[in-house]
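These numbers come from a predicted model, not from an experiment. Side chains included, hydrogens not; waters and symmetry mates left out as well; all remaining heavy atoms used.
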Amino acid sequence: MLGGEEEKDPDAERKEEERQEALRQQEEERKAKYARMEAERESIRQGIRDKYGIKKKEEKEAEAQAAMEQASEGSLTRPKKAIPAGCGNEEEEEESIVDTVMKFLPGPLQDMFNKK
């Protein structure tokens with residue numbers, strides 16, 4: 001008693017295995033139950049989509065991508081590519097417009113604006 005030794009149940013290992021098996025079985029049943037519930041919900045969702053003509057998000061994205069690819073093939077109206085950095089800054093455009101206007105002003109007016 002003082003040594004701290006416990007009596008080992010000869011059936012303890014078998015009981016533990018049975019308990020583990022029961023837990024695995026319960027987990028499988030739970031997963032199957034939720035899979036059935038989700039399948040039922042999806043069938044209801046699909047019925048609603050069919051009734052109102054709604055498409056799934058994935059279908060919408062796939063159709064939009066296909067439409068973009070089809071429209072851009074050999075078309076002059078394909079989507080524009082992104083402008084590289086440094087090309088077409090608004091400040092540069094405004095300065096170029098001011099410079100263009102300055103070219104058409106008479107000499108004395110140009111001098112007035114350049115004195116700033």
Side-chain angles (χ1 to χ4, degrees):
M1 279 191 136
L2 295 175
E5 290 185 28
E6 296 179 15
E7 287 186 32
K8 295 186 178 181
D9 186 14
D11 294 334
E13 187 175 315
R14 186 179 53 82
K15 289 179 182 178
E16 181 63 23
E17 287 177 9
E18 289 177 0
R19 188 180 73 80
Q20 291 294 330
E21 181 60 32
L23 289 174
R24 278 193 294 272
Q25 187 176 6
Q26 287 176 348
E27 182 67 19
E28 289 174 7
E29 289 174 2
R30 185 188 67 80
K31 286 181 180 180
K33 173 185 170 186
Y34 284 108
R36 283 192 308 270
M37 288 172 58
E38 186 59 31
E40 183 179 324
R41 288 179 186 141
E42 185 57 34
S43 67
I44 292 171
R45 290 183 197 121
Q46 189 60 45
I48 292 170
R49 282 189 213 106
D50 293 342
K51 181 178 178 181
Y52 294 105
I54 301 170
K55 296 182 181 177
K56 281 185 173 182
K57 188 175 185 180
E58 297 90 25
E59 291 174 2
K60 287 180 185 178
E61 291 173 355
E63 286 181 4
Q65 183 68 22
M68 289 294 290
E69 289 174 3
Q70 185 180 19
S72 65
E73 290 179 7
S75 174
L76 297 176
T77 59
R78 68 175 186 261
K80 294 182 180 178
K81 295 181 180 177
I83 299 172
C87 294
N89 283 342
E90 291 182 18
E91 294 176 13
E92 291 177 8
E93 289 178 11
E94 290 176 11
E95 291 174 2
S96 65
I97 292 171
V98 172
D99 292 338
T100 306
V101 171
M102 291 293 285
K103 291 178 186 175
F104 292 105
L105 291 177
L109 287 176
Q110 286 180 2
D111 293 338
M112 284 177 42
F113 287 113
N114 287 335
K115 288 182 181 179
K116 285 185 179 180

Throw together a table of side-chain donor-acceptor distances under 3.5 angstrom for residues 48-56, partners on residues two or more places apart or in other chains.
residue : atom : partner : partner atom : Å
Arg49   : NH1  : Glu42   : OE2          : 3.1
Arg49   : NH1  : Gln46   : OE1          : 2.8
Arg49   : NH2  : Glu42   : OE2          : 3.3
Asp50   : OD1  : Gln46   : NE2          : 2.9
Lys55   : NZ   : Glu63   : OE1          : 2.8
Lys55   : NZ   : Glu63   : OE2          : 3.0

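- Among residues two or more places apart in sequence or in another chain, the side chain to side chain contact (heavy atoms under 4.5 Å, CB included) test is passed with Lys57 by Glu61.
- Just one residue in the list Glu21, Glu16, Glu17 forms a side-chain hydrogen bond (donor to acceptor under 3.5 Å, both in side chains) with Arg19, and that residue is Glu16.
- Taking the salt bridge (charged side-chain N to carboxylate O under 4.0 Å, His left out) definition, one finds that Arg36 meets it with nothing, sequence neighbours left out.
- The side-chain hydrogen bond (donor to acceptor under 3.5 Å, both in side chains) test applied to Glu27 returns Arg30, not counting sequence neighbours.
- When hydrophobic side chains of Ile, Leu, Val, Met, Phe, Trp and Tyr are connected at separations under 4.5 Å, Tyr34 ends up clustered with Met37.
- Checked against side-chain hydrogen bond (donor to acceptor under 3.5 Å, both in side chains), Gln26 has no partners two or more places apart in sequence or in another chain.
- Under the rule for a salt bridge (charged side-chain N to carboxylate O under 4.0 Å, His left out), Lys31 has no partner lying at least two apart in sequence or in another chain.
- Residues forming a salt bridge (charged side-chain N to carboxylate O under 4.0 Å, His left out) with Glu18 (at least two apart in sequence, or on another chain): Arg14.
- Residues forming a side-chain hydrogen bond (donor to acceptor under 3.5 Å, both in side chains) with Glu40 (at least two apart in sequence, or on another chain): none.
- For Glu38, the side chain to side chain contact (heavy atoms under 4.5 Å, CB included) partners at least two apart in sequence or on another chain are Arg41, Arg45.
- The salt bridge (charged side-chain N to carboxylate O under 4.0 Å, His left out) test applied to Glu59 returns no partner, not counting sequence neighbours.
- For Gln25, there are no side-chain hydrogen bond (donor to acceptor under 3.5 Å, both in side chains) partners at least two apart in sequence or on another chain.
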